[in-house]
Every structure is written in structure tokens, then in C-alpha cells.
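Presented below is the structure to which this report refers.
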Amino acid sequence: MPVIEKIKAGRGFDAARVGLIMAPQDAPAGSMAELTQFFEEETDIKALPGYYGPQRNHVLRLSGLPETNAEFLRLLHEDFPAWQEKRHPGETTIQIAPGIECDAMDDVDHFPYQPGWKKFVKENANTLTGLAYMAGSVGLLLAAWRKPRRMPNKPDHDWFRSYTAGAYFTAAGILVAMSQQQDRPRHVYDILEKIYPPLNHATPEQLQDIDQTQNGVLDFLKKYPWETSMILNASGAGAHAISCAKRGDFMELAGAVGTMTGCMLSSVIPEKGGRSLIPIGEWLEDEHGHSLYERIEDFAAHHPHLGSWMLSVNRAYDWLEDNPLRAASGTSFASNLAYASAGLRAQNMGLAGMSGAFMVGNYTQSQATKGRGDSFDSVVTAAASIIAADPQVDKQDKRSVRRRVKQLAHRLQAQQEIVHNESKMERGILARLERELNPTHDVLDGFLPSETHYISQSPFVDASHVSRLLQSDSASNATGIG
């Protein structure tokens with residue numbers, strides 16, 4: 001039996017009370033649909049299924065909550081069980097944890113089901129990785145500053161490895177400085193309340209000025225700290241490889257080549273649902289926005305003789321998209337074993353120390369993400385809500401509304417914590433806005449085709465709704481206003 005153990009409540013726009021009910025981990029699809037039905041039939045609270053946070057945890061989004069958490073909890077602890085008893089006498093299909101409290105909706109809950117220590121590492125992984133790599137680069141500098149014994153022309157210092165140490169230190173500094181906001185992203189409501197009012201009252205000239213201030217090196221570094229850091233690291237690893245080749249140290253050379261490979265993998269492999277310097281995932285989407293993962297799964301369903309093999313390929317592809325930094329950290333860890341071996345053999349404690357610090361960084365990197373913000377659903381749903389609450393919208397034609405949506409999507413994409421594609425956000429906001437402005441909406445209206453697969457697995461969606469969604473492919477036509 002599903003047990004609700006985590007809920008959130010707080011203020012949305014115009015001081016309206018909003019909330020989230022998080023589905024238990026691994027709750028089956030449709031297993032909690034009666035909770036959605038309860039809010040629709042017995043209360044004035046608007047309830048919509050969705051997903052939340054960078055891990056896309058299934059949630060039930062609520063708006064129009066009672067003024068106090070106590071009133072809301074009374075609904076869950078008393079009214080909902082009574083409603084269930086009427087429908088299923090003597091049987092409880094969904095249980096609310098007895099001591100449950102309402103958490104505040106003041107930040108993004110990255111990993112709600114992780115134990116405390118692992119949650120700390122994951123939510124600070126970018127910063128911890130940068131610090132570990134900075135420490136390792138100091139060890140490498142100490143190793144480089146020794147007089148190389150086998151370098152041609154007998155220089156006083158290994159200048160190639162000195163450059164490597166400087167590149168590693170700079171790259172790690174970029175990671176620490178630019179990714180802290182990704183470790184602790186602002187809530188999407190806070191972001192929108194900061195950027196929407198200026199957008200709403202800005203003249204065309206002021207909008208142009210805002211656009212111009214958002215283009216620069218610093219903004220690029222904020223959006224792509226991992227890619228920038230890893231490309232700089234790769235250049236350092238290349239210099240390290242030259243040093244190893246000149247000294248004839250092939251064990252250390254293997255480590256340098258492995259480091260270079262790991263850095264390039266970290267910078268190139270896209271991350272599911274996140275911002276990528278090379279948007280391979282977007283290039284592989286079809287004209288309806290279906291991802292390669294969904295298309296392979298569909299192919300397997302229609303070709304049973306290849307189904308088992310194709311699903312294995314799909315699982316591997318899905319894992320790689322979910323864990324690009326973890327995949328790259330494995331290669332780097334093997335490289336650091338080679339560094340440790342070379343350092344101990346040459347009695348070079350600086351090199352051995354570097355490998356130890358880098359191994360710590362490899363672990364924290366395996367827990368990190370390139371861009372950790374709120375989910376696509378959270379962002380576009382909140383954006384549509386703030387536009388729908390704007391009294392000016394009722395006075396505007398569809399073209400003006402679409403222009404406003406386009407401007408807001410552009411401003412959102414410029415924020416460091418928003419990792420989603422601008423054009424996809426524009427489509428998502430339009431679709432959600434149509435749902436907001438249509439009082440007779442269906443529970444699954446407003447989702448884009450690329451979200452169909454995921455939302456169909458929601459515990460808060462009744463199986464009959466899912467069947468209708470998949471059979472009619474109605475989400476493919478969710479083009480939004482205009």
C-alpha cells in the first residue's frame with residue numbers, strides 16, 4: 001500500500017497557497033489516482049499530476065490550499081480517510097504517514113529519498129569536486145617543480161607539468177566559483193518573481209538592453225561550468241602527456257591519456273533534462289519531440305524478436321544520459337590509479353598525492369550533475385501560472401500573449417539554475433497556459449509529446465486517462481495558445 005511521507009506547502013504568486021504531495025519512491029503507475037480524485041470531488045483545491053526536481057520525482061501539484069498547514073493536514077488525516085472508507089469500506093488504498101509535516105517550498109529538494117550523508121554529498125558535489133581537484137593540482141605542481149631526471153636538455157623544472165597543474169587549478173576554480181548556484185539553486189517561484197515584473201513593464205528598448213547584458217563570457221561560464229572546466233583540464237592533460245612522452249614514463253602517459261579521455265567525455269556527453277554545450281539529445285528528437293529513448297522503446301514493443309536486445313541497449317543509453325559525469329569519472333579513476341603507481345615507483349609524493357586527491361574528486365564527480373535546477377514541469381507550470389495571474393493577459397490578443405511567453409522563456413533560459421531548452425520551454429509554457437485559461441481542462445492536458453511517456457507512469461494518474469492519452473495521442477496536438 002502506498003504511504004505518503006513527504007509533502008510541501010508554501011506561497012505561490014499573489015500570496016496564493018500552493019503545495020506538493022510527493023509520490024513514494026517506486027509507487028506503481030495509477031496507484032494513487034484516488035488522491036487526485038479526492039481533491040477534485042471533495043475540495044476546492046486544484047490538483048494536477050506532475051514531476052518535480054532534477055530527479056523528476058512524481059508529484060501531485062496543488063493550488064488553492066487552506067491558509068494554514070494544520071487545515072491542510074486535517075484534510076489529509078481526516079477527510080481523505082473518511083472519503084476512502086465510503087468508497088472502499090474496511091479497506092485503505094492510500095495511507096498518509098501519521099507524523100507527516102509540511103516542508104517549506106523555499107528550495108529545490110534534489111534527492112528527497114537519499115540518506116542524510118549521501119544527500120549532503122550530492123547537493124554539494126560540484127563544489128566538493130572542484131575543491132578536491134584544486135588540492136590535486138597543488139600536488140602535481142610540487143611534482144612538476146622537481147628537476148626532471150630524464151627530460152631532454154635537463155631543465156630545472158618540468159614546464160609541461162607546471163602548465164598542467166595551472167590548468168587543473170584554474171579549471172577547478174571555475175567549477176567551484178561558477179557551480180555553487182547549481183548546488184543550491186533558487187526556487188522557480190523566486191526566479192520568476194524577480195524576472196517577470198521587469199519584463200512586464202519594460203519598453204522594447206529596455207528589453208533590448210537586458211538582452212545585451214546577458215551575453216558575455218561570465219554568463220557562458222555560469223551556464224557551462226563543467227564543460228569549460230573539463231575542456232581546460234583536457235588541455236592540461238595533453239601537456240602532461242607530452243611531458244610523459246619526453247621522459248619516457250609510459251605508466252604516467254597512460255594516466256594522462258585516460259584523464260584527457262575522461263575530461264572530453266565529461267564535456268561532450270549530454271545530460272538528460274539538463275543544459276548541454278553540444279545538444280545531442282535535442283538533435284536526436286523526432287518532429288514530435290520524442291527522445292531516442294522513447295523511440296527505441298516503441299521500436300522494441302513493435303518488434304518482439306528484437307525487443308530484449310533493444311531494451312538492453314535502451315537501458316544502457318538511459319543510464320549514460322542520467323550519469324554522464326559518473327561514466328567519465330570511472331575513466332578518470334583508472335587514470336589516477338596509473339598516476340599513483342607511477343608516483344610511488346618514482347618516489348614522487350607530489351604525484352601520488354595528486355592521484356589521491358583526484359580519486360576523491362572522481363567520487364564526488366560521480367554524484368554531480370552538469371546543471372542542477374528544477375524540473376521542466378516545475379518551470380513551465382510556474383511560468384504559465386504567473387502569466388495567467390497577470391490581469392493584463394485578459395486584455396491581450398493571442399499574438400501578444402505568445403510574444404510575452406517567448407520573452408519570458410528567453411529570460412528564463414538566461415538564468416543559471418534553468419537548464420532547459422528555450423524553445424521547448426516556450427512550447428511548454430504555451431501548453432500549460434492553455435490549460436490554466438481553460439476551466440474545463442482534462443487532468444492530462446497541457447503536457448508536450450516529449451512528456452507523455454513520463455507522465456503516463458505517474459501514480460497520480462488514473463489508468464483510463466493514460467489509456468486515452470496514449471491511444472488518441474492527444475498530447476501531440478498540445479501546441480498551446482494560437
Approximate separation, where rounding is to 0.5 Å, of Asp103 CG and Met105 CE: 10.5 Å
Non-hydrogen atoms of Tyr189 and Ala382 that approach each other most closely: CE2-CB, 3.9 Å
Full working for ring pair (Phe, Tyr, Trp, His ring centres under 6.0 Å) between Tyr339 and His240: CA-CA 11 Å; Tyr339 289 140; His240 196 170; 5.3 Å; yes
Between CE on residue Met425 and CG on residue Leu408, distance to nearest 0.5 Å: 8.5 Å
Close aromatic pair by centroid cut-off 6.0 Å: Tyr196 and Phe13: no
Parallel, tilted or perpendicular: rings of Tyr224 and Phe220 (30°, 60°): tilted
Row check, Phe376 ring normal vs Lys424 NZ/CZ: under 6.0 Å, within 45°: yes
Ser366 side-chain N/O to Arg326 backbone N/O, donor-acceptor pair under 3.5 Å: no
Phe358 and its ring-ring contact (aromatic ring centres under 6.0 Å, His included) partner, picked from Phe333, Tyr168, Tyr363: Tyr168
NZ/NE/NH1/NH2 to OD/OE distance under 4.0 Å, Arg11 and Glu193: no
Any side-chain heavy-atom pair of Leu412 and Leu192 under 4.5 Å: yes
Salt bridge (Lys or Arg N to Asp or Glu O under 4.0 Å) involving Lys406 - partner list, sequence neighbours excluded: Glu426
Side-chain donor or acceptor of His420 paired with backbone N/O of Asp374 under 3.5 Å: yes
Side-chain donor or acceptor of Gln416 paired with backbone N/O of Met178 under 3.5 Å: yes
Minimal non-hydrogen separation, Phe447 against Pro49, with atom names: CZ-O, 3.3 Å
Inter-residue atom distance Gln95.CD - Ile4.CD1, 0.5 Å rounding: 10.0 Å
Side-chain donor or acceptor of Ser341 paired with backbone N/O of Ala338 under 3.5 Å: no
Backbone of Met264 reached by a side-chain donor or acceptor of Ser267 within 3.5 Å: yes
Verdict with supporting geometry, Glu252 and Arg161, side-chain contact (heavy atoms from CB on, under 4.5 Å): CA-CA 11 Å; Glu252 197 174 334; Arg161 283 198 295 186; 2.9 Å; yes
Ring geometry between Tyr51 and Tyr454 (parallel below 30°, tilted from 30 to 60°, perpendicular above 60°): perpendicular
Side-chain donor or acceptor of Lys370 paired with backbone N/O of Ile269 under 3.5 Å: yes
Under 3.5 Å: donor-acceptor pair, side chain of Lys122, backbone of Thr369: no
Ser235 side chain to Leu232 backbone, donor-acceptor under 3.5 Å: yes
Minimum-distance pair of heavy atoms, taken over all atoms of Ala143 and Gly350: CB-C, 4.0 Å
Check: Ala239 main-chain N/O paired with Ser243 side-chain donor or acceptor under 3.5 Å: no
Heavy-atom pair with the smallest gap, counting every atom of Asn233 and Ala167: OD1-O, 4.0 Å
Test side-chain hydrogen bond (donor to acceptor under 3.5 Å, both in side chains) applied to Asp158 and Tyr163, step by step: CA-CA 9 Å; Asp158 187 338; Tyr163 167 79; over 6 Å; no
Non-hydrogen atoms of Arg432 and Gly446 that approach each other most closely: NH1-O, 2.6 Å
side-chain contact (heavy atoms from CB on, under 4.5 Å) between Ile7 and Leu73, intermediate numbers included: CA-CA 10 Å; Ile7 58 178; Leu73 291 172; 3.6 Å; yes
Shortest non-hydrogen separation from Leu265 to Thr331 and the atoms involved: CD1-OG1, 4.0 Å
Residue pair Leu141, Phe169: steps toward the side-chain contact (heavy atoms from CB on, under 4.5 Å) verdict: CA-CA 10 Å; Leu141 182 60; Phe169 191 88; over 6 Å; no
Verdict with reasoning, Arg56 to Asp377, per salt bridge (Lys or Arg N to Asp or Glu O under 4.0 Å): CA-CA 9 Å; Arg56 298 190 303 177; Asp377 180 46; over 6 Å; no
From CA spacing to verdict: side-chain contact (heavy atoms from CB on, under 4.5 Å), Glu417, Val188: CA-CA 9 Å; Glu417 302 95 331; Val188 66; over 6 Å; no
Value rounded to 0.5 Å, distance of OG in Ser375 from CD in Glu451: 9.0 Å
Option from Thr381, Ile386, Val380 for which side-chain contact (heavy atoms from CB on, under 4.5 Å) with Ile429 holds: Val380
Heavy-atom donor-acceptor pair, Ser355 side chain to Ala352 backbone, under 3.5 Å: yes
Gap between atom OG of Ser335 and atom CG of Leu337 - 0.5 Å precision: 8.5 Å
